[in-house]
Number of protein chains: 2
Amino acid sequence: MLTISRLAAYAGVTVRAVRHYHQIGLLPEPERDRSGYRIYDAAAVVRLIRIRSLADAGVPLARVQELLGAGPEEFAGGVQEIDKDLRAEIRRLQDTRRRLARLAAGEHLALPQSVVDYLDRLRGLGVEERYIEMERDAWIMIAAQVPHRIDAVIAKKHEELDDPDMVKLYGILDEALDWPVDDLRMVEIADLLERLMIRAVEAGEVGGDDGIDDQFVDLLDSTMVESSPGAARLLAILEERGWKGWTRIERVPADRLDTELPPS
Amino acid sequence: MLTISRLAAYAGVTVRAVRHYHQIGLLPEPERDRSGYRIYDAAAVVRLIRIRSLADAGVPLARVQELLGAGPEEFAGGVQEIDKDLRAEIRRLQDTRRRLARLAAGEHLALPQSVVDYLDRLRGLGVEERYIEMERDAWIMIAAQVPHRIDAVIAKKHEELDDPDMVKLYGILDEALDWPVDDLRMVEIADLLERLMIRAVEAGEVGGDDGIDDQFVDLLDSTMVESSPGAARLLAILEERGWKGWTRIERVPADRLDTELPPS
DNA sequence: TGGAGGGCTGACCCAGCGTCAGGGTCAAGC
DNA sequence: GCTTGACCCTGACGCTGGGTCAGCCCTCCA
């Protein structure tokens, strides 16, 4: 009487969808005629239409079955739950749009505004773009590590930049990285750096817990070291003088300096 | 140095996601150590973080690659297009929510309000629930067939119910369907029906194009016939008197009555 | 008798991973 | 030297809701 394509047409769905519903047990498989064709009756049309009206209303197919067989209050409860899911999904998408808008506005990928401003300040000091990109990548990682504290960290960096020595350092550092490792000016830079560090230690600005794990600090440092031979040289000089690290600089106490040397 | 799980942790993704990005070419496969483990560097962390910030902003992974490599204006264009998609998706979901709310409000699955009202009127006339369910199923199918005209069709049905004979018919029909087929009262019902039909024909209410295809009418009729032996009997009596169908009743002209008999 | 227009099953495809299964590797403790 | 537990590897299936072949069968009409 009623073939699958007519059934599908009456209910406004595709033949493939009907077969899919059979497969997942949503619509019972009907009788077959002698050549194996499925033959339907009006009840199938009605059930199919009801399935569609639930599905069109956003009910996942997996839940359609229970809702079709449910009494009024179960039905209302189920519908409410589905509506909750829909609301959550909409909120998620709106959130996503907001993030996307921020992305479009600033084109600053993965960086909060404060960091972008900081990098702009470096640019304003005449620091080369190549070096700024290195800084930027490091900040991308740091911001991902401690997003809640990134603004505070950046604020501290801004304070550091109020020191003329720090400005001088940045102004010279990007060139210095390309100098030959035995360039004598490297020692001058190390002196400059050491002065800054000593002042920081005296101001009690060193040693606090910054919430960044040690391995991560190592990663940042090694990136720095690998970026150029000059950088490695600089760190080596400082290490001889009892300073360790770059991202998080620490004073190595004199007595530990010896014990940490590898046993020869 | 950097294993896959640490890389994933730094970027805030799962290990599986990282491998997935390798698979789809979004993140280049890094070197391996001698036991086949992937080893990453800081650049991978940065790239992964950028991938995630785009993906979190709703950019499909398939488009992340182009956007990462795009200049500012391509980037802006791409972002705008993605935002358009997001808006469309949100509208779709909100539409879905509206439909769901209507479903919840009336619990009338797949039926417009006009039909629900009509069924309520029948209920008010004392028609049995069992019969009303049959009607309802038929209306579900009709409403799916001609959704734009369902209200007009129902309005006509309401007019018919203003006729006391029609009320009488409905009041008795549901019981009648259970009577034995040779019950003499069946003929009375047929008389009643015929009177109504003649009046309808005289009022010119028969024969107009109702926009429902013939096969569909046959389906509705056969459902009616199969519902009970009484129904079949009733239709048979009327057919003898020159009336055809139920859903869409037609007068069969006397001269065609003979020619339509099967050649014996 | 052949072609058109159904119908049938089985299988792959989309996104973005989650989650086994069935291994190998590495560092630490006994 | 052996075990244990934590990682790592690849490969494959699963989810949603069907779309889209492919290859074959069935029926009807000219």
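Protein chains get the first letters and strands the later ones, always in sequence-line order, with residue 1 at the start of each.
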Opening and closing nucleotides of DNA chain C in contact with chain B, under 4.0 Å to non-hydrogen atoms:
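In short, chain B contacts DNA chain C from dG16(C) to dC26(C).
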Pairing of Arg92(B) and Glu89(B) as salt bridge, 4.0 angstrom limit
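Answer for the salt bridge query: yes.
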Positions of residues 55-70 of chain A (non-hydrogen atom under 4.0 Å from DNA chain D), listed by number
Pro60(A), Leu61(A)
Separation of dC15(D) atom C1' from Ile24(A) atom CD1, nearest Å, is 12 Å
Provide, to the nearest angstrom, the distance between the CG atom belonging to Asp33(A) and the C1' atom belonging to dC28(D).
14 Å
Who passes salt bridge (charged side-chain N to carboxylate O under 4.0 Å, His left out) against Arg99(A), sequence neighbours left out?
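Result, salt bridge (charged side-chain N to carboxylate O under 4.0 Å, His left out) vs Arg99(A): Asp95(A).
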Between the side chain of Arg47(B) and the main-chain N/O of Leu26(B), is any donor-acceptor distance below 3.5 Å?
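Looks like yes, one N/O pair under 3.5 Å.
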Indicate yes or no for a side-chain donor-acceptor contact from Asp83(B) to the backbone of Leu86(B) under 3.5 Å, with no hydrogens or angles considered.
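Side chain of Asp83(B) to backbone of Leu86(B), a donor-acceptor pair under 3.5 Å: no, none is there.
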Taking all atoms of both residues into account, what is the closest heavy-atom pair of [X] and [Y], and its distance?
| X | Y | result |
| --- | --- | --- |
| Ile154(A) | Ser114(A) | CG2-O, 3.8 Å |
| Pro30(B) | Arg38(B) | CG-CB, 3.7 Å |
| Gly242(A) | Arg251(A) | O-NH1, 3.0 Å |

Where each residue is assigned the nucleotide of DNA chain D containing its nearest heavy atom, which of Arg34(A) and Thr14(A) is assigned the position nearer the 5′ end?
Thr14(A)
Partners of Thr3(B) by side-chain hydrogen bond (donor to acceptor under 3.5 Å, both in side chains), sequence neighbours excluded?
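Result, side-chain hydrogen bond (donor to acceptor under 3.5 Å, both in side chains) vs Thr3(B): Ser5(B).
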If the condition is side-chain hydrogen bond (donor to acceptor under 3.5 Å, both in side chains), which residues does Arg34(A) pass it with, not counting sequence neighbours?
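side-chain hydrogen bond (donor to acceptor under 3.5 Å, both in side chains) list for Arg34(A), sorted by chain: empty.
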Runs of at least three consecutive Watson-Crick or G-U pairs, both distances under 3.5 Å, are what I'm after; which ones involve DNA chain D?
C:1-30 with D:1-30
Output the residues of residues 82-95 of chain B in contact with DNA chain C, where contact means a heavy atom of the residue under 4.0 Å from an atom of the strand; sort by number or write none.
none
Kindly write out the residues that satisfy ring pair (Phe, Tyr, Trp, His ring centres under 6.0 Å) with Tyr118(B), not counting sequence neighbours, or none if the list is empty.
Trp139(B), His158(B)
Using the ring pair (Phe, Tyr, Trp, His ring centres under 6.0 Å) criterion, which residues pair with His22(A)? Sequence neighbours excluded.
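With neighbours one apart ignored, the set is Tyr40(A).
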Which nucleotides of nucleotides 2-12 of chain D have their base under 4.0 Å from a protein heavy atom (B), which only their sugar-phosphate (S), and which neither (-), written as one string 5' to 3'?
-----BSSB-B
For residues 214-224 of chain A, the salt bridge (charged side-chain N to carboxylate O under 4.0 Å, His left out) pairs (sequence neighbours left out) are Asp214(A)-Arg248(A)
Please tabulate, for side-chain N and O atoms in residues 55-65 of chain B, each donor-acceptor pair with protein atoms closer than 3.5 Å (sequence neighbours left out).
residue  : atom : partner  : partner atom : Å
Asp56(B) : OD1  : Arg52(B) : NH2          : 2.6
Gln65(B) : NE2  : Gly25(B) : O            : 3.1

